[in-house]
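Side chains included, hydrogens not; waters and symmetry mates left out as well; all remaining heavy atoms used. Residue numbers begin at 1 in each chain, while the letters A, B, ... track the order of the sequences.
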Protein chains: 2
Amino acid sequence: MKRDVFQAIADPTRREILNMVAYKPLNVNSVAENFDVSRAAIYKHMKILIECGLINMKQQGRERYCEAKLEKLNEVSEWIEQYRQFWETRLDALELYLEEIQKKPVLQTKTKIKKHGNKKPTRK
Amino acid sequence: MKRDVFQAIADPTRREILNMVAYKPLNVNSVAENFDVSRAAIYKHMKILIECGLINMKQQGRERYCEAKLEKLNEVSEWIEQYRQFWETRLDALELYLEEIQKKPVLQTKTKIKKHGNKKPTRK
DNA sequence: TAGTAATGAAACCAAAAGGTTTCACAAAAA
DNA sequence: TTTTTGTGAAACCTTTTGGTTTCATTACTA
């Protein structure tokens with residue numbers, strides 16, 4: 001089954017594992033020791049992280065060291081960034097609007113803050 | 001139950017819903033029309049998005065319009081950004097580190113990563 | 001060589017997730 | 001008023017998820 005990064009980082013345990021191996025490669029047992037659940041459970045999480053490319057493993061004797069491949073997070077990062085202008089321009093618009101009604105007297109008709117100015121490619 | 005943003009965006013349908021209402025607020029039925037699954041299923045997704053603060057709803061007559069609150073994505077964005085330096089500057093260092101710990105016991109305080117010849121670990 | 005440690009995988013289980021159909025109800029339309 | 005529309009929620013179902021215990025295998029160690 002094809003894993004995807006969004007789903008992989010949805011689980012708090014997996015984010016914690018990622019955080020651990022981000023700083024230093026660790027073998028499976030060392031990772032598992034830091035959690036309350038069984039080694040097998042942690043191993044399954046690690047396998048999911050491997051399947052979606054967020055970590056990889058290197059055999060060393062009988063141990064397997066895991067290192068983070070954090071650049072995979074770019075997929076998520078880019079997905080979010082496509083919306084950054086949305087919420088930032090929208091906030092700006094709101095700020096402008098607030099400034100505006102502060103300058104003017106009370107009697108004001110409802111001005112619509114119609115943002116979405118930056119026409120992005122439409123879906124589908 | 002407290003939803004979290006990571007889990008909310010893990011589902012492709014929910015990401016798609018988010019994308020739709022990012023451009024224009026839509027009522028529940030309008031959103032649901034764009035999917036193959038039932039309105040009830042879509043409504044459940046929307047409820048999850050509401051619970052974690054990614055959209056909100058405004059009643060208007062018998063309809064409910066949803067608008068995206070994309071700034072919530074900052075939580076995810078910030079989580080990722082804390083690792084950006086890791087993958088942008090530390091890629092080679094990790095390789096070297098692995099070679100290093102091959103020669104030493106695991107439980108070592110942070111040793112400096114020194115360069116040495118490019119000998120590959122022998123694997124099976 | 002015998003014993004132990006590290007790992008991968010299987011069998012199994014409970015709960016969560018994602019879906020469906022159905023029903024109730026208020027608002028809008030006829 | 002009667003009918004239709006938009007919505008929320010309940011009951012129910014199947015698959016996925018996250019967990020367990022157990023077992024086999026292989027590499028170290030005594």
Side-chain angles (χ1 to χ4, degrees), chain A residues 1-21 24-52 54-67, chain B residues 1-18 20-21 24-52 54-67 98 101-108 121-124:
Chain A
M1 148 196 329
K2 180 57 190 146
R3 300 285 179 173
D4 100 39
V5 185
F6 287 90
Q7 192 260 339
I9 65 171
D11 184 274
T13 301
R14 286 196 289 269
R15 289 201 298 278
E16 186 60 29
I17 292 174
L18 258 193
N19 189 65
M20 291 178 56
V21 300
K24 190 172 81 166
L26 293 170
N27 63 12
V28 178
N29 274 349
S30 301
V31 173
E33 279 166 9
N34 291 272
F35 296 90
D36 288 336
V37 298
S38 68
R39 180 188 62 79
I42 295 300
Y43 177 70
K44 282 193 192 175
H45 282 305
M46 296 174 84
K47 221 163 54 168
I48 290 174
L49 291 172
I50 288 171
E51 281 166 12
C52 80
L54 274 166
I55 65 178
N56 63 20
M57 282 195 175
K58 297 185 174 181
Q59 185 113 24
Q60 254 171 343
R62 66 182 162 184
E63 297 170 85
R64 293 206 160 186
Y65 280 83
C66 314
E67 64 178 356
Chain B
M1 90 212 55
K2 180 59 189 142
R3 299 287 180 171
D4 100 38
V5 185
F6 288 89
Q7 193 261 338
I9 65 171
D11 184 274
T13 302
R14 285 196 291 269
R15 289 201 298 279
E16 186 61 26
I17 292 174
L18 257 193
M20 290 178 55
V21 300
K24 191 174 79 170
L26 294 170
N27 63 9
V28 177
N29 273 349
S30 301
V31 172
E33 278 166 9
N34 291 272
F35 296 89
D36 288 337
V37 297
S38 68
R39 180 188 62 79
I42 295 300
Y43 177 70
K44 283 192 191 175
H45 282 304
M46 296 174 83
K47 221 164 52 170
I48 289 173
L49 290 172
I50 289 172
E51 280 166 14
C52 79
L54 274 165
I55 65 177
N56 64 17
M57 280 196 175
K58 296 182 177 178
Q59 185 112 26
Q60 223 159 2
R62 67 183 160 181
E63 295 171 83
R64 294 205 158 186
Y65 280 83
C66 314
E67 64 179 355
L98 259 193
I101 61 174
Q102 231 187 334
K103 307 189 236 172
K104 297 182 179 181
V106 176
L107 274 182
Q108 192 91 30
T122 31
R123 295 181 211 162
K124 291 209 61 178

Problem set entry | Sugar-phosphate, base or nothing in reach of Q7(B), heavy atoms under 4.0 Å | sugar-phosphate
Problem set entry | Sugar-phosphate, base or nothing in reach of Q60(B), heavy atoms under 4.0 Å | nothing
Choosing from [options], which nucleotide comes nearest the side chain of [X]?
X      : options                  : result
V37(A) : dT20(D), dA6(C), dT7(D)  : dT20(D)
R64(A) : dG18(C), dG8(C), dG6(D)  : dG8(C)
Y43(A) : dT20(C), dG8(C), dG8(D)  : dG8(C)
K44(B) : dT7(C), dA11(D), dG8(D)  : dA11(D)
R62(A) : dT21(C), dG19(D), dA5(C) : dA5(C)
A40(B) : dA11(C), dA9(D), dG19(C) : dA9(D)

When only distance counts, do a donor and an acceptor, one from the side chain of [X] and one from the base of [N], lie under 3.5 Å apart?
X      : N       : value
R14(B) : dG18(C) : no
K47(A) : dG8(C)  : no
R39(B) : dG19(C) : no

Measuring from atom [atom1] of [X] to atom [atom2] of [Y], what distance do you get when rounded to the nearest 0.5 angstrom?
X      : Y      : atom1 : atom2 : answer
C66(A) : N27(A) : SG    : CG    : 7.5 Å
K44(A) : L49(A) : NZ    : CG    : 14.5 Å
L54(B) : I48(B) : CG    : CD1   : 11.5 Å
L26(A) : M20(A) : CG    : CE    : 5.0 Å

Between [atom2] of [N] and [atom1] of [X], the distance in whole Å:
X      : N       : atom1 : atom2 : result
Y65(B) : dT5(D)  : OH    : P     : 16 Å
E16(A) : dG18(D) : CD    : P     : 16 Å
E63(B) : dA27(C) : CD    : P     : 13 Å
N27(A) : dG8(C)  : CG    : C1'   : 14 Å
I48(A) : dG18(D) : CD1   : C1'   : 8 Å
M46(B) : dG19(C) : CE    : C1'   : 17 Å
I42(A) : dA9(C)  : CD1   : C1'   : 17 Å
R15(B) : dG18(C) : CZ    : P     : 11 Å

Residue-phosphate contact under 4.0 Å: [X] side-chain N/O, [N] OP1/OP2:
X      : N       : value
S38(A) : dT20(D) : yes
N29(B) : dT5(D)  : no
H45(A) : dT17(D) : no

For this session: Return yes if some donor-acceptor pair links the side-chain N/O of Q59(A) with the main-chain N/O of G61(A) below 3.5 Å, else return no.
Result: yes
Exercise. Looking only at atom types and distance, does a side-chain atom of R14(A) sit under 3.5 Å from a main-chain N or O of M46(A), one as donor and one as acceptor?
Worked result: no
